[in-house]
Visitor: 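I have a structure I would like to understand better, so I am pasting it below and will then ask my questions one at a time.
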2 protein chains.
Amino acid sequence: MQNQIAAFLERVEQCESLVELNTVVAELRHIFQVDHVVYHSVNSQGDPYALATYGQDWAEYYECEELYRVDPVVLGAFQRFHPYNWKSLDWEKKPARRFFQEAQDGGVGNQGVSVPVRGPHGEFALFSISHTCSDEVWARFLDTHMPNLLLIGHYIHASIRALEFPEVDGNYIVLSPRETDALRLLGAGLNRGRAAERLKISEHTLRVYIESARSKLNASNTTHAVAKAMARGLISI
Amino acid sequence: MQNQIAAFLERVEQCESLVELNTVVAELRHIFQVDHVVYHSVNSQGDPYALATYGQDWAEYYECEELYRVDPVVLGAFQRFHPYNWKSLDWEKKPARRFFQEAQDGGVGNQGVSVPVRGPHGEFALFSISHTCSDEVWARFLDTHMPNLLLIGHYIHASIRALEFPEVDGNYIVLSPRETDALRLLGAGLNRGRAAERLKISEHTLRVYIESARSKLNASNTTHAVAKAMARGLISI
DNA sequence: ACCACACTCGCTATTTCCGGTGAGTTTACT
DNA sequence: AGTAAACTCACCGGAAATAGCGAGTGTGGT
């Protein structure tokens with residue numbers, strides 16, 4: 001089994017198109033003997049991408065009704081780090097119960113597990129597996145495969161990133177150390193006065209850095225500059 | 001070997017204190033037969049945490065001189081997702097070359113690999129392993145252990161989170177749709193007037209959203225709020 | 001039925017930021 | 001050895017954001 005998974009990861013890594021990736025990922029159903037496998041970006045914008053083995057009816061219904069706003073799996077993803085069993089989520093609320101029923105009818109299955117995947121540039125995606133079985137069988141499955149799921153989710157994400165951004169270094173922007181310092185402190189909530197104090201320079205000098213960073217980043221104001229710098233991975237707060 | 005690693009992951013998961021975790025992680029040196037193992041949070045705020053087997057001299061020097069500002073390993077981490085070989089970084093610039101030399105003298109080793117780890121709440125950490133050996137030997141090591149390193153980094157992070165925040169749901173932040181809209185537009189460079197126009201609401205109403213988002217995020221100003229929201233994956237520009 | 005919260009609107013004073021114009025020293029690449 | 005870029009400092013007027021006081025509606029959960 002572990003060999004099968006290692007081979008699968010390698011295949012994912014070597015995919016040369018999203019279509020190919022799609023078919024490779026769908027094969028996981030056979031490897032794990034489960035009903036469905038899903039990878040989709042949760043992020044509101046950027047690269048909306050979904051790759052699912054669900055029936056088209058359910059997928060379309062989910063999309064049209066914007067069920068991600070109600071789906072406990074998605075909502076729970078924001079606060080979790082490790083792969084989590086769907087059973088551990090809060091299904092008590094009325095909309096959640098309704099959603100669960102509809103998902104069942106849509107063929108999703110009564111058991112599921114999801115892996116949150118966070119990338120640079122704020123990408124956020126979910127890799128999930130769902131199945132129909134008893135709690136005991138499912139618990140055993142999770143016990144064996146939690147680490148594998150984490151790996152698979154990350155490898156799929158990495159592959160998609162590689163396919164979508166082949167030339168990462170094409171439009172590189174380099175901020176000087178002082179510019180970086182300035183944006184980092186501003187992003188951390190300091191105003192110009194305090195940031196200048198912290199860097200032991202005059203506020204005027206600090207302003208020069210902000211403005212040069214702003215012009216490099218083609219940003220219209222400080223907030224924009226900080227946001228762009230974060231999105232490009234030039235700073236982190 | 002894979003059994004050893006599975007056992008290690010389990011031990012990490014069951015650690016009941018940071019001290020214990022520290023010793024457990026240090027044992028990785030023996031499992032992998034490498035010089036050093038490091039886990040440290042890169043984030044400026046939140047929970048500055050470091051766990052390293054480096055000599056104290058180097059660690060203190062690094063800290064005092066703020067070498068993270070120059071360290072290509074840290075700078076490269078911001079835009080990477082997958083574990084990356086230190087050799088793949090840009091060591092051409094003068095400060096980088098100097099840093100490399102100093103790190104060598106500090107006993108870090110000439111080879112290394114790092115795993116970026118991103119959590120909810122905007123945590124960002126690096127798990128790294130360094131060693132002294134030839135490129136060929138190192139390449140073989142990476143070939144075998146890349147997936148393991150990813151797992152280990154994530155499990156350590158999860159363990160630290162569990163120890164530091166036993167009550168995960170205490171400090172979770174949810175922005176309302178309008179608050180999200182507001183921060184996204186501000187992060188995209190619009191000023192309040194234009195953002196309000198875009199959302200077809202009065203500027204005053206927009207201001208209310210900004211302030212409620214600011215208070216939820218515990219941010220001192222708009223820039224801070226946008227930065228925090230981005231770091232947490234609540235918005236993306 | 002009530003409470004909490006999301007959504008919508010307005011005014012004023014104070015603080016902070018933006019844009020434009022300067023100049024001088026040191027460091028680094030070619 | 002020359003050029004480019006980073007780093008440091010200063011002034012001023014106008015634009016924008018923050019802080020402080022408000023009020024009213026609609027929805028969802030206990």
Side-chain angles (χ1 to χ4, degrees), chain A residues 69-70 72 75 90-99 172-227 234, chain B residues 66 69-70 90-99 172-183 185-227 234:
Chain A
R69 295 173 59 180
V70 151
L75 297 179
D90 177 16
W91 297 96
E92 289 309 305
K93 299 269 161 55
K94 195 189 267 182
R97 278 206 306 275
R98 187 180 152 205
F99 172 81
Y172 61 98
I173 294 169
V174 182
L175 295 180
S176 78
R178 284 315 225 182
E179 287 160 356
T180 309
D181 289 339
L183 293 189
R184 194 180 50 239
L185 293 177
L186 294 171
L190 281 69
N191 63 22
R192 298 200 302 198
R194 295 221 176 283
E197 204 174 289
R198 181 75 71 83
L199 295 175
K200 298 194 198 335
I201 56 177
S202 77
E203 185 174 338
H204 302 101
T205 304
L206 183 85
R207 234 190 59 196
V208 173
Y209 298 142
I210 299 171
E211 297 198 354
S212 60
R214 219 153 44 83
S215 105
K216 280 183 181 178
L217 290 161
N218 200 14
S220 54
N221 56 37
T222 302
T223 302
H224 196 195
V226 170
L234 301 173
Chain B
E66 300 185 323
R69 293 174 54 193
V70 149
D90 178 15
W91 298 96
E92 289 309 305
K93 298 270 160 54
K94 195 179 220 176
R97 278 206 307 274
R98 187 180 152 204
F99 172 81
Y172 182 57
I173 295 166
V174 184
L175 295 180
S176 78
R178 284 314 224 180
E179 288 161 355
T180 309
D181 290 340
L183 292 189
L185 293 177
L186 294 171
L190 281 68
N191 61 22
R192 299 203 298 199
R194 294 221 176 282
E197 203 175 290
R198 181 76 69 85
L199 295 174
K200 298 195 201 328
I201 55 177
S202 77
E203 184 175 340
H204 177 264
T205 302
L206 184 86
R207 226 189 67 192
V208 174
Y209 297 144
I210 298 171
E211 296 198 354
S212 59
R214 219 153 44 84
S215 103
K216 281 182 180 177
L217 290 161
N218 198 16
S220 52
N221 55 38
T222 302
T223 302
H224 195 194
V226 169
L234 299 173

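The analysis underlying the following values was restricted to heavy atoms, covering all of them including side chains, and did not include hydrogens, waters or symmetry mates. In what follows, chains are A, B, ... by sequence order, proteins preceding strands, each numbered from 1. Note that this is a predicted model, so its numbers are computed, not measured.
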Visitor: Considering residues at least two apart in sequence or located in another chain, which fulfil the side-chain contact (heavy atoms from CB on, under 4.5 Å) criterion with A:A227?
Guide: B:V226, B:M230, B:I237
Visitor: Return the set of residues passing side-chain contact (heavy atoms from CB on, under 4.5 Å) with B:N191 (not counting sequence neighbours), or none when no residue passes.
Guide: B:R194
Visitor: Sequence neighbours excluded, which residues qualify as side-chain hydrogen bond (donor to acceptor under 3.5 Å, both in side chains) partners of A:T223?
Guide: B:T223
Visitor: In chain order, what residues pass the side-chain contact (heavy atoms from CB on, under 4.5 Å) check against A:K93, with sequence neighbours excluded?
Guide: A:D90, A:P95, A:A96
Visitor: Using the test side-chain hydrogen bond (donor to acceptor under 3.5 Å, both in side chains), find all partners of A:R98 that sit at least two apart in sequence or belong to another chain.
Guide: A:E102
Visitor: What residues from residues 174-182 of chain A pass a heavy-atom cutoff of under 4.0 Å to DNA chain C?
Guide: none
Visitor: For the helix from C:dA1-D:dT30 to C:dT30-D:dA1, how many degrees between its two end axes (five pairs per end), to the nearest 10°?
Guide: 80°
Visitor: Could you pull out all residues at least two apart from B:R214 that satisfy side-chain hydrogen bond (donor to acceptor under 3.5 Å, both in side chains)?
Guide: none
Visitor: For A:R97, give me all partners under salt bridge (charged side-chain N to carboxylate O under 4.0 Å, His left out), at least two apart in sequence or on another chain.
Guide: none
Visitor: Taking only residues two or more places apart in sequence, or in another chain, which ones meet A:S202 in a side-chain contact (heavy atoms from CB on, under 4.5 Å)?
Guide: A:H204, A:T205
Visitor: Could you list where the contact with chain B starts and ends along DNA chain C, reading 5' to 3', using a 4.0 Å heavy-atom cut-off?
Guide: C:dA6 to C:dC29
Visitor: With a 4.0 Å cut-off on N to O distance, would you call B:R198 and B:D181 a salt bridge?
Guide: no
Visitor: Tell me, which of residues 196-219 of chain A have any heavy atom that sits under 4.0 Å from an atom in DNA chain C?
Guide: A:R207, A:E211, A:R214
